[in-house]
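What follows is a set of notes on a single structure, which appears directly below.
All residue numbers refer to positions in the sequence shown, counting from 1.
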Amino acid sequence: MTSVAPDNRPLLSVVPDGNRHGSRSYLTCFFRCGNACDKPEPNPTDHAHIRDEITRAVGRRGVLAGGAAGAGALVVGSVLTGEAAAAPLAGDLRRKGVLGTAPFRPVVPNKRDAFTTATGFGHRVVMRWGDAVVSGAPRFDPYRQSVAAAEKQFGYNCDYVGFVPLGADAALLVVNHEYTDENLMFPAGVYTDDEIKRISMVNHGMSIVRLTRASTPGSWRRQELKKAPQNRRIHIRTRFKVTGPAAGDDRLKTTADPTGRVVLGTLNNCAGGMTPWGTVLSGEENFNQYFDKGASEFPAELADSYARYGITGTGTRGWGTVDPRFDLSVEPNEPHRFGWVVEVDPLEPRSTPVKHTMLGRFKHEGANVTVARNGKVVAYMGDDERGDYLYRFVSAKRFSDRKGAAARRHNKTLLTEGTLYVARLTGDGLEDDVHDGTGEWIPLCSDKRSFVDGMSVADVLLFTRLAADKVAPTKMDRPEDVEPNPVNGKVYAALTNNSNRGGSMAVDEANPLSSSMVRANLAAPLTPASGNRNGYVLEMTPTGRDHTARTFTWDLFLVCGDPEAPESYFGGFDKSKVSPISCPDNVAFDSLGNLWISTDGNVLGSNDGVFRVPVAGANRGQVQQFCTVPKGAEACGPLIADRDRSLFVAVQHPGEIAGATFEEPASTWPHTDDFPRPSVVVAYRDR
């Protein structure tokens with residue numbers, strides 16, 4: 001391989017030192033989303049933001065709940081001491097060994113370079129970046145990386161985790177690979193710039209890995225390759241079939257694909273979800289950053305749609321120099337082929353994954369499906385951008401619960417026909433604190449008819465953001481994971497943060513979250529910072545518990561932050577008995593309906609982690625931290641599996657701290673090498 005000088009490490013020189021938004025490193029913002037927050041807000045409409053409705057809810061709750069006194073007085077280690085720290089759930093919920101019920105003393109906020117679980121629980125690393133996924137994969141060597149090797153190895157920066165049981169002692173692990181950090185992946189002076197780009201391209205995508213049960217209940221390990229026929233790597237060269245009403249549209253056609261029905265690869269896959277028929281849905285998120293302007297201007301007629309999706313032609317990756325489809329002057333339609341929900345069948349390793357146009361095109365965090373009472377399936381989705389929207393899809397056909405291949409083939413068509421909706425939330429001004437507002441799902445289009453003036457069905461699906469703008473939904477603050485709770489029938493949405501609230505995004509004067517309390521480090525006092533820094537968890541209740549209903553009520557379940565901060569709220573639970581939580585990102589549920597939350601970008605001085613929160617009963621809102629991830633890392637997933645005995649967590653971008661390089665890492669987790677490796681971990685009770 002041709003060498004490059006160490007001081008020519010690609011991209012390194014354009015990333016400044018320090019942090020950006022709270023604790024998030026410049027590196028993370030640069031590599032994950034192309035510094036989206038530095039750019040103008042993509043949504044220029046003047047619809048009401050959910051912050052305007054939250055103002056009333058938070059203000060009322062602040063009076064009812066009292067609020068903690070002495071903000072800034074919290075001392076490190078003082079959170080959750082004594083018996084309250086390990087308070088178990090009530091009644092018969094003390095079944096030993098089950099993650100949803102077992103009492104535990106919450107993990108104390110920390111900055112360790114370790115995956116730290118609550119006392120009594122252990123963990124093991126299941127898969128690391130570079131581990132072999134399919135036969136023929138070479139042993140991982142950071143100095144001998146290649147495209148051919150990466151196509152057979154576990155990709156970089158694992159995010160979503162899915163779990164498909166295969167009998168009592170085996171399962172398939174399905175994992176997204178969201179983005180790459182070339183500074184941490186490649187030794188200086190070993191690879192050319194073009195080699196780095198091509199290898200990085202293949203490190204995106206997904207991995208499917210067969211697991212086998214380990215000796216400790218709840219623990220799993222990867223199966224040896226000769227016994228893992230379902231193992232698969234999905235990458236930038238994998239063929240995807242386009243489904244739904246927009247398939248074949250002229251705006252999906254390219255030189256390589258004049259049909260507009262076949263796409264190579266999937267990009268920036270963030271969260272996802274399992275379907276009732278055993279497939280995995282994965283959301284393509286910050287796809288806009290991969291496209292370059294090239295030698296000439298892109299077509300003027302695409303300027304508005306490009307702008308609404310943050311496509312500027314100044315891609316941070318420079319992939320257009322090694323693959324012309326990422327050059328907008330060569331293939332202006334290529335961006336339209338990303339930003340979809342993709343479906344992969346892990347049980348059929350030779351099947352062609354699909355991109356579902358019926359679920360709309362935007363920056364999908366993920367998609368999560370439930371079966372409504374009438375048998376139709378409903379998928380909930382969030383568009384992860386400042387000021388964008390919540391969506392849902394309702395199928396036209398009904399789910400078949402029969403056994404056999406025919407029923408499964410039928411169910412795999414359910415996401416191709418139906419109706420796509422966007423949410424409008426309204427504060428109802430009630431003073432009884434029962435509901436904080438009402439909402440409605442506004443139809444955008446069905447597979448046969450558009451409900452948006454001046455736009456066809458294909459227009460709505462290809463340019464869903466522009467279609468939604470026309471019907472005045474409610475602007476949200478980075479709606480990320482949106483999932484239905486299988487026990488109580490409610491829907492929970494993680495609204496991660498918005499550091500610009502009160503700045504470029506004006507707020508009402510009465511809005512208590514135009515300023516948030518943060519910590520510079522664990523030993524520092526709480527201090528005010530502009531904007532919504534710690535995020536919320538929104539709880540939505542469909543009318544009549546019917547997921548196909550057009551209306552719902554909504555409730556601000558958590559106003560995240562430090563329990564000592566006056567603005568924080570924990571479902572009405574005693575604030576002196578909860579863990580601090582900042583920047584909720586992904587959510588999951590155990591078999592009892594408890595909410596599990598992973599965080600990304602903690603601004604309270606600690607590493608990110610995973611938290612358990614009951615949503616009902618006397619312990620509703622009792623946030624307890626179950627684990628923390630290593631320095632510079634984000635907690636992704638999470639997933640509760642194996643009869644609540646296993647918690648899977650994807651540890652993404654360990655050591656992604658400004659100034660870190662392959663030679664001078666800020667973390668070496670999981671401590672199997674002298675450089676960090678993003679990995680999937682399973683936690684379980686070990687005593």
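No donor-acceptor pair closer than 3.5 Å links the side chain of Asp585 to the backbone N or O of Glu480. Under the 3.5 Å distance criterion, the side-chain polar atoms of Arg210 are left unmatched by any main-chain donor or acceptor of Leu166. For the pair Asn157 (side chain) and Tyr179 (backbone), a donor-acceptor distance under 3.5 Å is present. Judged by distance alone, the side chain of Asn594 and the main-chain N or O of Gly100 form a donor-acceptor pair under 3.5 Å. Side-chain atoms of His410 come within 3.5 Å of backbone N or O of Arg398 as a donor-acceptor pair. Between the Arg361 side chain and the Leu461 main chain, no donor and acceptor come within less than 3.5 Å of each other. Of the possible donor and acceptor atoms, none in the side chain of Asp249 sits under 3.5 Å from a partner among the backbone N and O of Ala246. Put simply, the side chain of Arg222 never gets that close to the backbone of Val209: no donor and acceptor are under 3.5 Å apart. A distance-only check finds a donor-acceptor pair linking the side chain of Arg612 to the backbone of Leu99 [under 3.5 Å]. A distance-only check finds no donor-acceptor pair linking the side chain of Asp327 to the backbone of Glu331 [under 3.5 Å].
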Could you walk me through whether Met274 and Leu639 pass the side-chain contact (heavy atoms from CB on, under 4.5 Å) test, one step at a time?
CA-CA 11 Å; Met274 289 290 303; Leu639 176 74; 5.9 Å; no

Passes side-chain contact (heavy atoms from CB on, under 4.5 Å), Thr416 versus Asp447? Steps please.
CA-CA 8 Å; Thr416 63; Asp447 53 292; over 6 Å; no

Let's go through Lys412 and Asp345 carefully: what are the C-alpha distance in whole Å and the side-chain angles of both, what is the deciding distance for salt bridge (charged side-chain N to carboxylate O under 4.0 Å, His left out) to 0.1 Å, and is it a yes or a no?
CA-CA 9 Å; Lys412 288 168 69 173; Asp345 190 345; 2.8 Å; yes

Check the pair Val487 / Leu592 against side-chain contact (heavy atoms from CB on, under 4.5 Å), numbers first and verdict last.
CA-CA 7 Å; Val487 176; Leu592 295 175; 5.7 Å; no

Could you walk me through whether Arg251 and Asp459 satisfy the salt bridge (charged side-chain N to carboxylate O under 4.0 Å, His left out) test, starting with their C-alpha distance in whole Å, then the side-chain angles of each, then the deciding distance to 0.1 Å, before giving a yes or no?
CA-CA 10 Å; Arg251 291 160 294 187; Asp459 291 339; 2.7 Å; yes

Evaluate the side-chain contact (heavy atoms from CB on, under 4.5 Å) criterion for residues Val615 and Lys490: first the C-alpha distance (whole Å), next the side-chain angles of each, then the deciding distance (0.1 Å), finally the verdict.
CA-CA 10 Å; Val615 298; Lys490 298 185 178 186; over 6 Å; no

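Note that OG1 of Thr541 is 7.5 Å distant from CG of Asn488, once rounded to the nearest 0.5 Å. Summarising the geometry, atom CD1 belonging to Ile311 is positioned 7.0 Å from atom OG belonging to Ser305; distances are rounded to the nearest 0.5 Å. Rounding to the nearest 0.5 angstrom, the gap separating the OG1 atom in Thr279 from the CD atom in Glu343 is 3.5 Å. Note: Asn333 CG to Leu328 CG = 10.0 Å, rounded to the nearest 0.5 Å. To the nearest 0.5 angstrom, Arg337 atom CZ is 13.0 Å from Thr357 atom OG1. Of the inter-residue distances, the one linking Phe393 atom CZ with Leu414 atom CG reads 8.0 Å to the nearest 0.5 angstrom.
With Phe338 as the aromatic partner, Lys355 meets the cation-pi criteria of under 6.0 angstrom to the ring centre and within 45 degrees of the ring axis.
A side-chain donor-acceptor contact under 3.5 Å links Glu365 and Asn586. Using a 3.5 Å distance cut-off with no hydrogens or angles, the side chains of Asn203 and Thr180 do not pair a donor with an acceptor. A donor-acceptor pair shorter than 3.5 Å can be found between the side chains of Tyr389 and Asp469. Under 3.5 Å, the side chains of Asn268 and Lys363 contain no donor-acceptor pair of N or O atoms. Thr543 and Thr551 share a donor-acceptor pair across their side chains, judged by distance under 3.5 Å alone. Side-chain atoms of Tyr391 and His364 include no donor-acceptor pair closer than 3.5 Å.
Aromatic ring orientation, Phe287 versus Tyr309: tilted (interplanar angle from 30° to 60°). The aromatic rings of His336 and Phe463 lie perpendicular to each other, with more than 60° between the two planes, well past the 30° mark. Ring geometry for Phe648 versus Phe163: interplanar angle of 30 to 60°, hence tilted.
When every heavy atom of Ala493 is checked against every heavy atom of Val482, the shortest pair comes out as CB-CG2, 4.0 Å. Nearest heavy-atom pair across Lys152 and Arg233 is C-CG, 4.2 Å. Considering all non-hydrogen atoms of both residues, Val457 and Ser450 come closest at CG2-N, 3.5 Å. The nearest pair of heavy atoms linking Met358 to Ser446 is CE-C, 3.8 Å. When every heavy atom of Val175 is checked against every heavy atom of Cys158, the shortest pair comes out as CG1-CB, 3.4 Å. Nearest heavy-atom pair across Arg402 and Ala407 is O-CB, 3.4 Å.
Side-chain contact between Val174 and Val344 is absent, with no heavy atoms from C-beta onward closer than 4.5 Å. Two residues are said to be in side-chain contact when any heavy atoms from C-beta on lie closer than 4.5 Å; Pro349 and Ile208 fail this criterion. Contact check for Gln230 versus Val164: no side-chain heavy atoms found under the 4.5 Å cut-off. Arg213 has its side chain within reach of Trp220: a pair of non-hydrogen atoms, C-beta onward, lies under 4.5 Å apart. Counting only heavy atoms from C-beta outward, the side chains of Asp388 and Phe362 never approach each other to under 4.5 Å. Looking at heavy atoms from C-beta onward, Leu267 lies in side-chain contact with Ile236 at the 4.5 angstrom threshold. Using a 4.5 Å heavy-atom threshold, the side chains of Asp481 and Asn368 count as touching. The closest side-chain heavy-atom distance from Leu595 to Asn485 is not below 4.5 Å.
Between Phe326 and Trp319, the ring center distance clears the sub-6.0 Å criterion. Checked against the 6.0 Å centroid criterion, the rings of Phe240 and Trp340 do not qualify as a close aromatic pair. The aromatic ring centroids of Tyr492 and Phe589 lie less than 6.0 Å from each other.
Counting heavy atoms of neighbouring residues, nucleotides and ligands inside a 6.0 Å radius, atom CG of Asn374 exceeds 12 of them. Other residues, nucleotides and ligands contribute at most 12 non-hydrogen atoms within 6.0 Å of the NZ atom of Lys241. Within a 6.0 Å radius of CZ in Arg239, no more than 12 heavy atoms belonging to other residues, nucleotides or ligands are found.
Listed by chain and residue number, Glu151, Arg198, Ile199, Val202, Arg237 satisfy the side-chain contact (heavy atoms from CB on, under 4.5 Å) test with Val147 (two or more places apart in sequence, or in another chain).
No option in Arg308, Arg392, Arg478, Arg465 other than Arg465 meets the salt bridge (Lys or Arg N to Asp or Glu O under 4.0 Å) test with Asp383. Here the options are Asp159, Val680, Asp600, Asn176, the test is side-chain contact (heavy atoms from CB on, under 4.5 Å), and the partner is Gln652; only Asp159 passes.
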